[in-house]
Amino acid sequence: MFDFAPLGGPVPYSTVLLFLGLLVPASRSTELELESRNGFHSLIVACGGRRFEMVLSQDDYATELCRVPGCELSPVAAHSIPYCAHRHLAERSEDELAEMATAWGSAQHEEFSARNPAAVPLGKEGDQLIAAAVAQCAFFRSRPR
């Protein structure tokens with residue numbers, strides 16, 4: 001166990017390493033905020049707008065959560081669609097949905113470029129993004145291109 005003072009106590013070495021690996025795309029100077037702690041079982045950490053759950057009783061367990069504080073669900077796609085599909089994705093603004101669609105479409109670029117984009121199935125992430133955009137009446141602006 002590593003005595004990780006910013007998180008208020010011991011954390012398994014492998015969990016700290018996995019967590020730091022998830023933060024690599026962030027920046028060199030990052031501030032951590034302990035959002036909540038469930039004794040020695042788990043904790044939720046916020047960093048640069050992103051949120052992570054770390055289970056302290058199990059090695060190698062750090063997973064990204066929906067960006068809405070207090071939500072314990074996973075995001076649709078951590079890097080491009082960082083909100084849960086259950087509730088918070090559909091609450092995003094038209095501009096946010098358009099940005100997420102662009103980021104998700106860029107991540108899918110290789111698959112889209114190999115075939116006719118209209119023939120490529122959007123998959124679960126694309127379907128959830130489209131459902132949220134339709135709920136906001138933002139389909140035409142948000143649809144993957």
Side-chain angles (χ1 to χ4, degrees), residues 1-114 117 120-139 141-145:
M1 297 289 261
F2 177 69
D3 188 18
F4 203 12
L7 301 181
V11 180
Y13 290 114
S14 56
T15 300
V16 172
L17 292 174
L18 179 60
F19 174 65
L20 294 174
L22 291 169
L23 291 178
V24 167
S27 68
R28 290 181 150 202
S29 74
T30 303
E31 290 187 28
L32 299 176
E33 178 183 323
L34 180 60
E35 184 177 303
S36 65
R37 183 177 187 103
N38 181 5
F40 287 103
H41 178 263
S42 65
L43 49 90
I44 296 178
V45 179
C47 178
R50 296 169 67 191
R51 300 172 62 247
F52 301 88
E53 178 184 23
M54 299 167 73
V55 175
L56 305 177
S57 60
Q58 178 179 335
D59 284 347
D60 294 334
Y61 192 93
T63 187
E64 193 150 354
L65 298 175
C66 174
R67 290 200 179 176
V68 175
C71 184
E72 295 182 6
L73 299 175
S74 298
V76 173
H79 295 292
S80 55
I81 309 172
Y83 297 95
C84 67
H86 178 70
R87 176 175 172 205
H88 297 115
L89 181 60
E91 294 175 349
R92 309 291 29 114
S93 71
E94 184 177 340
D95 289 340
E96 286 178 288
L97 290 170
E99 285 179 30
M100 286 185 266
T102 299
W104 182 79
S106 293
Q108 304 300 315
H109 174 73
E110 202 170 300
E111 187 171 346
F112 287 156
S113 65
V120 176
L122 295 179
K124 183 179 175 181
E125 293 91 359
D127 289 344
Q128 290 170 335
L129 185 57
I130 294 300
V134 167
Q136 290 291 333
C137 299
F139 173 74
R141 215 171 141 218
S142 302
R143 71 176 177 214
R145 294 180 177 94

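On a predicted model such as this, the values are computed, not experimentally measured, just so you know. Basis for what follows: all heavy atoms, side chains included, without hydrogens, waters or symmetry-related copies.
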Taking atom OG1 of Thr102 and atom CE of Met100, what is their separation to the nearest 0.5 Å?
-> 10.5 Å
Output the distance between atom CZ (Arg51) and atom CD (Glu33), rounded to the nearest 0.5 Å.
->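 Answer for the CZ-CD pair, Arg51 versus Glu33, is 10.0 Å.
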Could you note down all residue pairs passing salt bridge (Lys or Arg N to Asp or Glu O under 4.0 Å) where residues 78-88 supplies at least one of them, sequence neighbours left out?
-> Arg87-Glu91
Any salt bridge (Lys or Arg N to Asp or Glu O under 4.0 Å) involving residues 96-105? Give me the pairs, sequence neighbours left out, ordered by first then second residue.
-> Arg92-Glu96
Distance-only criterion, 3.5 Å: show the donor-acceptor pairs between side-chain atoms of residues 66-77 and protein atoms not counting sequence neighbours.
none

Partners passing salt bridge (charged side-chain N to carboxylate O under 4.0 Å, His left out) against Glu53 (at least two apart in sequence or in another chain) | none
Counterpart residues, salt bridge (charged side-chain N to carboxylate O under 4.0 Å, His left out), relative to Glu125 (two or more places apart) = none
With Asn38 via side chain to side chain contact (heavy atoms under 4.5 Å, CB included) - residues at least two apart | His41, Ser42
Please name the pair of heavy atoms, one in Trp104 and one in Leu129, separated by the smallest distance, quoted to 0.1 Å.
->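 Looks like CB-CD2, 4.4 Å.
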Least distance between heavy atoms, Pro82 atom then Ala78 atom = CB-O, 3.7 Å
